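These notes are about the structure you will find just below.
Lettering of chains follows the sequences in order, A, B, ..., and the numbering in each one begins at 1. This structure is a prediction, so every number in the text was calculated from the model and none was measured.
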Amino acid sequence: MDTFALTIAAILMAGAPLVLATLGETLTEKAGIVNLSLDGSILLAAMAAFACSATFDSPWLGMLAGAAVGAAIAGVLGVIGIYLGQSQLAVGFILTLLSRDLAYFLGHNFSRQPGPDLGLWTIPGAGDVPFVGLIFGSQSPVVYMSLGAIAFCWWWMFRTEGGMRLRAVGESPRAAFGRGIRVRLVRLYYCLAGGALVGLAGGAYSLAVKPGWGRPQGCEGAGWIALAIVIFGGWHPVRTALGAFFFAALQVSGIHLQEIFPSIPAPVFQVAPFPMMILTLLAVNMGRMGWIQDIVRRYPVLKSLSKGWSIEAPAALGQDFNPKKGL
Amino acid sequence: MNRESLLIQTGWLALALLLALALTVIVALPSGAPPLKTIYVLFQGGLSSWSKVGRVLAGWVPLTLCSVGLLIPFTARLWNIGVEGQVIMGAIFCTAALRPFDDGGSAWVIALALAASVAGGALWALLAGLLRVFGRVHEIFSGLGLNFVALGVTLWLIFGPWKRPGVASMSGTQPLDISLWLPRLGNMSVSWVGLALAVAALILVYILLHRTKWGLKLRAVGENPKAATLFSLGPRRRLLQAFMLCGGLAGLAGATQVLGVYHRLLPNISSGYGYTALLVSMMASFRLSLVPFICLFFAILNVGSIQLPLQLGLDSSLSGVIQGIMVLSLFIVQGLRLWLKQRKETD
């Protein structure tokens with residue numbers, strides 16, 4: 001029982017940055033913008049967060065710096081993609097490579113240096129509660145941050161007027177524009193907000209989950225997995241977060257697998273999440289394949305099942321909107 | 001194209017380069033890099049001697065092979081982000097073909113290895129293509145995922161079945177017999193075989209895309225997939241072929257790395273050329289005529305950046321930063337042009 005609780009605690013910890021990054025990308029994509037720069041953003045934000053917290057000896061200032069860097073990169077993508085009408089995919093990909101190299105270049109002097117981290121929050125008395133105490137009695141602040149972010153994103157998207165506007169600009173920008181919503185500006189805001197969350201994910205890596213900075217830091221590739229989890233989660237914050245924890249569980253179990261299969265060299269397990277990513281995307285897209293649709297049509301029982309499984313992207317995802325071209 | 005528009009185009013290009021220079025200086029300042037000296041070290045480190053020019057050309061070969069290959073799927077509006085993995089797979093297949101010949105072999109063995117590398121790259125690209133065409137997995141994710149899988153396979157081989165007798169380390173497999181190295185061009189570290197392959201690829205892809213029916217139909221598939229299905233152009237088959245051709249060229253790039261540069265399989269065998277090639281083809285706006293020159297410039301930056309840690313104590317990733325900023329600046333300037341044009345039209 002204790003090992004089970006400790007495993008859950010480890011999964012919550014490993015999943016926290018993934019949750020933050022996927023929620024950020026969900027916000028951005030719900031507004032119709034694809035931010036492909038996640039992988040580089042996380043790395044550059046991780047570097048900035050560590051460098052800032054080491055210089056000023058304040059990890060929370062570091063988290064703030066990480067969020068600022070994430071928002072800044074998303075802002076570059078937003079301005080070029082939304083206002084200058086360039087391909088979001090191309091710009092996002094360039095920004096990924098650019099931020100990654102920038103992180104290694106600027107972080108050169110902070111490599112393998114000691115620096116503060118966020119540490120653990122201990123809730124007085126909680127440690128005495130069986131089971132739950134082991135999970136939450138002494139846990140990293142980024143875990144609480146990620147759990148809070150899930151609740152906030154869900155509430156904002158489905159229970160507020162702002163969330164309605166967000167979904168409107170992503171689903172049908174023309175209709176939203178007709179209703180007097182400034183589509184491009186709203187999209188830019190969510191680009192920035194999503195980027196800030198991605199930046200926090202970077203900070204969560206270098207200040208809590210894998211404290212420190214170096215080459216490699218250990219969070220390389222996390223951004224690509226996060227992008228795939230957003231599709232897996234069907235652009236829904238709660239399902240997305242569950243997907244993130246699912247992947248974190250795979251990572252945690254990977255460490256155990258290494259003990260079971262000592263003949264397989266350790267580096268191989270680092271790439272294990274990527275075939276998983278492809279397989280999950282394949283599974284999620286199954287409902288839209290022709291031959292599977294034929295089977296579903298024949299057996300009506302499967303139809304209700306496939307409804308829960310199939311997902312739809314925001315209708316205007318990745319499409320330009322130019323108010324000057326009229327309604 | 002009339003003279004004035006050529007002048008204006010050059011002007012915009014100059015603006016993009018100026019913007020790139022300014023942005024590079026701005027981001028490099030926090031690390032205390034002296035701008036002029038850094039640029040001097042970069043170019044001097046890439047061009048100051050014949051042996052350095054040889055190394056630049058040795059980098060130009062795989063970069064050109066990958067960049068030229070990328071133009072084929074892009075003609076059908078497909079993003080082959082998996083080039084990196086296809087380079088690695090090419091290198092793995094090349095090494096696999098050479099393993100029975102560890103005592104040495106003739107030119108036929110090298111030809112066999114080159115063919116194997118093309119097959120390896122094409123196979124890996126086909127996998128991404130199948131996932132895209134039949135599994136509806138976006139080619140960005142399938143390609144990228146397969147890049148990491150290819151890296152995993154390399155690591156497994158180097159530390160597992162193909163490890164050097166005694167020690168397994170990041171320095172790779174047992175070096176190839178010298179008779180299996182690609183012949184060098186004079187004293188330079190580049191092979192004339194590699195150069196010939198890259199130039200041949202340039203010519204072949206030009207003919208394929210601009211002088212054959214196949215290229216025309218591929219373009220039609222990219223412009224309008226639905227119409228292409230109706231006119232029975234066989235879009236699925238054509239997309240898979242485009243992926244495989246690109247993968248084959250990328251695999252060949254992997255072989256030039258194994259046979260011509262490192263003479264063994266090591267984890268960093270692709271040197272990131274797959275990702276750099278994506279930047280090159282975007283910078284060239286997917287125009288074949290610009291590709292070899294941009295590849296040359298990027299190769300000079302890559303070789304020159306090796307001097308940065310030695311002479312200035314800076315990280316060598318500055319070359320990647322400059323390459324990224326240049327492509328980004330081009331996109332910004334293109335966007336500004338579009339924006340100005342639209343403003344003119346509405347006035």
Side-chain angles (χ1 to χ4, degrees), chain A residues 36 39-40 51 76 79-81 83-87 89-91 93-109 111 215 221 224-225 227-228 231 263-279 281-282 284-286 288-291 322 324-325, chain B residues 27-28 30-33 79 81 131 134-138 140-142 144-153 155-156 158-160 163 168 170 267 272 275-276 278-279 282 309 313-325 327-328 331-332 334-339 342-343 345-346:
Chain A
L36 215 57
D39 201 52
V76 173
V79 171
I80 300 178
Y83 289 96
L84 299 182
Q86 300 295 301
S87 157
L89 292 181
V91 174
F93 189 74
I94 297 165
L95 282 172
T96 292
L97 297 184
L98 178 57
S99 324
R100 188 198 60 193
D101 283 325
L102 207 52
Y104 291 140
F105 179 69
L106 295 177
H108 189 63
N109 294 332
S111 194
R215 180 181 193 168
W224 296 111
I225 293 176
L227 274 163
I231 301 173
S263 61
I264 300 175
V268 173
F269 286 97
Q270 287 163 8
V271 300
F274 290 95
M276 282 305 302
M277 175 182 95
I278 295 176
L279 288 177
L281 287 180
L282 203 59
V284 167
N285 284 313
M286 273 201 359
R288 282 187 280 167
M289 289 175 207
W291 60 277
N322 192 344
K324 292 218 178 80
K325 284 189 181 144
Chain B
V27 300
S31 62
W79 278 65
I81 285 198
L131 279 167
F134 294 104
R136 288 174 159 272
V137 178
H138 195 287
I140 287 183
F141 293 112
S142 59
L144 209 95
L146 289 172
N147 287 350
F148 284 97
V149 175
L151 183 65
V153 174
L155 290 168
W156 171 67
I158 289 172
F159 286 93
K163 71 174 173 224
M170 293 297 268
Y275 294 123
T276 314
L278 278 155
L279 287 183
M282 281 193 261
L314 297 170
D315 198 275
S316 62
S317 50
L318 182 65
S319 65
V321 174
I322 295 175
Q323 290 161 1
I325 284 181
V327 187
L328 196 65
F331 272 75
I332 293 173
Q334 270 174 7
L336 279 176
R337 278 179 80 176
L338 194 75
W339 183 68
Q342 279 172 355
R343 254 183 45 153
E345 276 167 9
T346 42

(message) I need the B:I81 CD1 to A:L36 CG distance, nearest 0.5 Å.
(response) 6.5 Å
(request) Search all heavy atoms of B:S317 against all heavy atoms of A:F105 and return the closest pair with its distance. (result) OG-N, 3.2 Å
(message) Which heavy atom of B:M282 sits nearest to which heavy atom of A:A90, and what is that distance?
(response) SD-CB, 3.7 Å
(message) Within this structure, what is the CZ-CG distance for the pair B:R136 and A:L281, rounded to the nearest 0.5 Å?
(response) 13.5 Å
(message) Using the rule given for side chain to side chain contact (heavy atoms under 4.5 Å, CB included), can you reason through B:F141 versus A:I231, listing the C-alpha separation, both sets of side-chain angles and the distance that settles it, and then say yes or no?
(response) CA-CA 11 Å; B:F141 293 112; A:I231 301 173; 3.4 Å; yes
(message) If I measure from the heavy atoms of chain A, does B:W156 come under 4.5 Å with its side chain, its backbone, both, or neither?
(response) both
(request) Evaluate the side-chain proximity of B:L328 to A:I80: yes if any heavy-atom separation is below 4.5 Å, no if none is. (result) yes
(request) Examine whether an atom of B:I325 lies under 4.5 Å from a heavy atom of chain A, and if so say whether it belongs to the side chain, the backbone or both; otherwise answer neither. (result) both
(request) Pick one of side chain, backbone, both or neither for B:L279, based on which atoms fall under 4.5 Å of a heavy atom in chain A. (result) side chain
(request) Identify the heavy atoms of A:I278 and B:L131 that sit nearest to each other, and give their distance. (result) CG2-CD1, 3.6 Å
(message) Using 0.5 Å steps for rounding, measure from the CG atom of A:L282 to the OG atom of B:S142.
(response) 10.0 Å
(request) Would you mind checking which part of B:I140 comes under 4.5 Å of any heavy atom in chain A, side chain (CB onward), backbone (N, CA, C, O), both or neither? (result) side chain
(message) How close do B:V327 and A:I94 get, counting heavy atoms only, and between which atoms?
(response) CG1-CD1, 3.4 Å
(request) Answer with side chain, backbone, both or neither: which region of A:L227 has an atom nearer than 4.5 Å to a non-hydrogen atom of chain B? (result) both
(message) Return the CG to CD1 distance between A:L102 and B:I322, rounded to the nearest 0.5 Å.
(response) 11.0 Å
(message) For A:L97, which atoms come within 4.5 Å of any heavy atom of chain B: side chain, backbone, both, or neither?
(response) side chain
(request) List in chain and number order the residues that pass side-chain contact (heavy atoms from CB on, under 4.5 Å) with A:H108, two or more places apart in sequence or in another chain; answer none if no residue qualifies. (result) B:D315
(request) Using non-hydrogen atoms and a 4.5 Å limit, figure out which bit of A:F93 sits close to chain B: side chain, backbone, both or neither. (result) side chain
(message) Minimum heavy-atom separation for A:R100 and B:Y275, please, with both atom names.
(response) NH1-CD1, 4.5 Å
(request) Begin from the C-alpha positions of B:V321 and A:L106 and carry the test side chain to side chain contact (heavy atoms under 4.5 Å, CB included) through to its verdict. (result) CA-CA 10 Å; B:V321 174; A:L106 295 177; over 6 Å; no
(message) Is A:V79 in contact with chain B via its backbone, its side chain, both, or neither, using a 4.5 Å heavy-atom distance?
(response) neither
(message) Is B:L278 close to chain A through its backbone or its side chain, or both, or neither, when contacts mean heavy atoms under 4.5 Å?
(response) side chain
(message) To check you understand the geometry: which heavy-atom pair defines the closest contact between B:F148 and A:W224, and what is its length?
(response) CE1-CD1, 4.4 Å
